[in-house]
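This structure is a prediction, so every number in the text was calculated from the model and none was measured.
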Amino acid sequence: MVTKLAKFYGILRTFVSKFHLDCSMQKLRNIAIIAHVDHGKTTLVDKMILAGNILRENKPTGGLILDNNDLERERGITILSKNVSVIYKDYKINIIDTPGHADFGGEVERVLNMCDGVLLLVDAFEGTMPQTRFVLQKALSLGKKPIVVINKVDKPNCRPEVVNEQVFDLMFSLNATEEQLDYKTIYGSAKQGWMSHKWNEPTDSIVPLLDAIIDEIPEPAIVEGTPQMLITSLEYSAYTGRIAVGKVTRGSLKTGQNVTLAKRDGETLQKTKIKELMVFEGLGKKKVEEVSCGEICAIMGVEGFDIGDTICDYENPEPLPPIAIDEPTMSMLFTINNSPFFGKDGKYVTSRHIKERLDRELEKNLALRVTPGPSADSFNVFGRGVLHLSVLIETMRREGYELQVGQPRVIVKEIDGQKCEPIEEMTVDCPEEYSGTVIDMVTRRKGSLTNMSSDGERTRLEFSIPSRGIIGLRSNMLTATAGEAIMTHRLLGFEPWMGEIEMRTNGSIISGETGTAFAYSIDKLQDRGRFFISPMDQVYEGQVIGEHTRQNDITVNVTKSKQLTNMRASGSDDKAVIVPPKVFTLEEALEYIQEDEYVEVTPHAMRLRKILLHEVDRKRAAK
């Protein structure tokens, strides 16, 4: 009798879990939110999280719940794509928030493989921008169904209807299918927390958007058979190591199941076992015993995987086609800090520390490559752009590392025996009166104007320009346009080498002595150029302390103080009026330096220096 009851309960449990799985299978939606930088993706996800009541009532959220690392919050940008899920009307909606910068474009391409539809977010004032085109092109080519959300309709001078037509024209030019062109448009303001079918009829919630997701986005296709999951993203935990994230495209996966890891080369097969399975629930993850087809899950315990590998059946492995990962376009030299002030600030200063940190970063940062440098204590680090690499440098600086970084260089390829370099599509939005200045600056750097359109008082200029030409252009352009220009760019491809490009024309002012900089010396030298240091700062020989007004470098002594005497004279006691120094951000400093200079980065300071500190050595090398 007892065994019969136990058997009955076993059957019942299997039936209930199967029934529960079937229910959960049906009511699932996987969406990615894609947009140009700063069009409001993360803010919208915040409102969806709040609508799903994921957070405790008494928990203060602040803004931008998903931008959870300090750098993301400070810069107001998303760097890493993140997964959350919201329960709405018994439907589980898996949401993937993606970065908007072209430097992190590799993240967007990968996560599109995990979703069944996309929310295309467009600013009601700015309209479609280069990155909008880039991410939309990827989504449409993968056959994803879009919902267009025109955000920020509460802005003055917004033009939602015009922007909606722009989006339609853009989709048409990107060869969208009939079904994709028959998209639904939702208008609203993510910041104010409302969405509506008409832009001039505000509502009090974002329910219209959530309803549109359930009605418009198809549910994941359920395919029976042996398990298949393409690893499209990875997370890193200090306790469990690397965690593989992807969508189960066929069959189901169970905890403790033996599986094959098929590498992206198509030949290497590795037998392994799933230790733990997790699905995304709210802002965190929940352990489960089984994950059915169509669900996005995280797998622990699989060693040695890379993005683009497939987790498939133990006996009959069938790998999926791997996803292409964007190639790096830029490289920088990372080396140890060997300036006179080394070790005063940081905790990790040796090449061993830097190498270990770079190796750790390689595990989770896909678009990064590291090769040994010209000396034993240097490394060539390859990335997607200056922003991509500066985020890594800034993170290392905050963790207590001291290092020096060389000038960014573009990666040159040889195609059909011809030297080729990366070319970017750049869009500049500026007031009409500055358009001539902008065109002049870009054409000097081998850029060519491809399109020009005027909208009221602002002009939008589109250029194709070598990646080399963009380095250092942003700060010069902001100066020339009184801070009004908005500049965005994305990689187009590789084209034949364009020849030499005129970069920074002014020389450097270099300190000739080590010591304390005095106001007396700086005041007397101000007509020589603009300084980067303040009085009483510590300087060392060979440090770049300013920009010369002429093309050549000049060595000065700013450590000379005024000789005091007990004689008084009417002309000798002039008050020193010092112009405030120019303070660089990390990206500006990296773009500013020349070939023979380094940026010295420590936890509390950032200095520019010559590679050869002594003037005699520099003169010898110049011969």
Side-chain angles (χ1 to χ4, degrees), residues 74 339-341 345 386 390 405 407 430-431 433-434 437-438 440-441 444 471-485 487 502-564 569-594 596-602 604-610 613 615 618:
E74 278 171 32
S339 80
F341 293 169
D345 227 7
V386 174
S390 74
V405 188
Q407 186 189 36
C430 67
E433 65 265 28
Y434 294 118
T437 314
V438 170
D440 179 50
M441 288 177 82
R444 278 188 190 177
I471 297 172
L473 179 62
R474 188 184 302 269
S475 52
N476 290 352
M477 192 175 284
L478 286 173
T479 310
T481 60
E484 290 267 1
M487 182 176 136
E502 159 196 319
M503 302 300 271
R504 188 178 112 202
T505 50
N506 295 30
S508 303
I509 299 177
I510 306 157
S511 171
E513 302 286 333
T514 301
T516 306
F518 290 106
Y520 173 76
S521 301
I522 294 174
D523 181 42
K524 297 279 184 273
L525 292 165
Q526 280 190 128
D527 56 346
R528 296 292 186 144
R530 178 92 186 265
F531 279 89
F532 307 151
I533 55 165
S534 302
M536 305 313 290
D537 281 357
Q538 296 297 314
V539 296
Y540 56 79
E541 185 186 354
Q543 184 179 334
V544 175
I545 55 172
E547 182 177 52
H548 193 201
T549 47
R550 299 190 182 168
Q551 289 188 352
N552 60 317
D553 290 349
I554 176 176
T555 305
V556 299
N557 181 6
V558 286
T559 62
K560 194 188 287 182
S561 62
K562 186 179 180 186
Q563 299 302 318
L564 298 178
S570 61
S572 61
D573 283 328
D574 292 339
K575 186 170 71 172
V577 180
I578 309 278
V579 178
K582 183 175 182 180
V583 179
F584 287 106
T585 63
L586 182 57
E587 282 98 69
E588 285 169 354
L590 292 171
E591 292 186 339
Y592 179 81
I593 56 173
Q594 292 180 325
D596 62 341
E597 293 168 355
Y598 280 152
V599 178
E600 177 193 343
V601 181
T602 70
H604 299 110
M606 191 175 69
R607 304 180 189 91
L608 309 185
R609 57 159 283 186
K610 289 287 178 187
L613 295 177
E615 191 176 8
R618 290 197 295 274

In the structure I gave you, are the side-chain heavy atoms of [X] and [Y] within less than 4.5 Å of one another anywhere?
X	Y	result
Ile545	Phe531	yes
Tyr540	Glu600	yes
Asp345	His604	yes
Pro340	Leu613	yes
Leu608	Phe584	yes

Distance check, rounded to the nearest 0.5 Å: [X] atom [atom1] versus [Y] atom [atom2]?
X	Y	atom1	atom2	value
Leu586	Glu591	CG	CD	10.0 Å
Ile533	Ile578	CD1	CD1	9.5 Å
Glu513	Thr559	CD	OG1	5.0 Å
Glu588	Met606	CD	CE	8.5 Å
Leu525	Tyr520	CG	OH	10.5 Å
Glu597	Tyr592	CD	OH	7.0 Å

For [X] and [Y], indicate whether the former's side chain and the latter's backbone hold a donor-acceptor pair under 3.5 Å.
X	Y	answer
Gln543	Arg607	no
Arg550	Asn506	no
Glu484	Thr481	no
Glu615	Ile510	no

*Ser390 and Glu587 side chains, donor-acceptor separation under 3.5 Å*: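 Judged by distance alone, the side chains do pair up.
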*Do you see a donor-acceptor pair shorter than 3.5 Å between the side chains of Ser508 and Glu547?*
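Side chains of Ser508 and Glu547: no pair found under 3.5 Å.
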*When you look at Lys610 and Asp553, which way does the salt bridge (charged side-chain N to carboxylate O under 4.0 Å, His left out) test go after all the steps?*
CA-CA 11 Å; Lys610 289 287 178 187; Asp553 290 349; 2.8 Å; yes
Please give me the minimum heavy-atom distance between [X] and [Y], naming the atom from each residue.
X	Y	answer
Ser534	Ala517	O-CB, 4.2 Å
Ser561	Ser521	N-OG, 4.5 Å
Tyr434	Ala482	OH-CB, 3.7 Å
Ala480	Thr437	CB-CG2, 3.9 Å
Thr514	Phe341	CG2-CE2, 4.4 Å

*asked:* Quick one, Thr516 with Gln538, criterion side chain to side chain donor-acceptor pair (under 3.5 Å). Give me CA distance, side-chain angles, the key distance, then yes/no.
replied: CA-CA 5 Å; Thr516 306; Gln538 296 297 314; 3.0 Å; yes
*Assess whether side-chain contact (heavy atoms from CB on, under 4.5 Å) is satisfied between Tyr598 and Gln407, documenting all intermediate values.*
CA-CA 7 Å; Tyr598 280 152; Gln407 186 189 36; over 6 Å; no
*Using a cut-off of 6.0 Å, state whether more than 12 heavy atoms not belonging to Arg528 lie near its atom CZ.*
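Not more than 12 within 6.0 Å, no.
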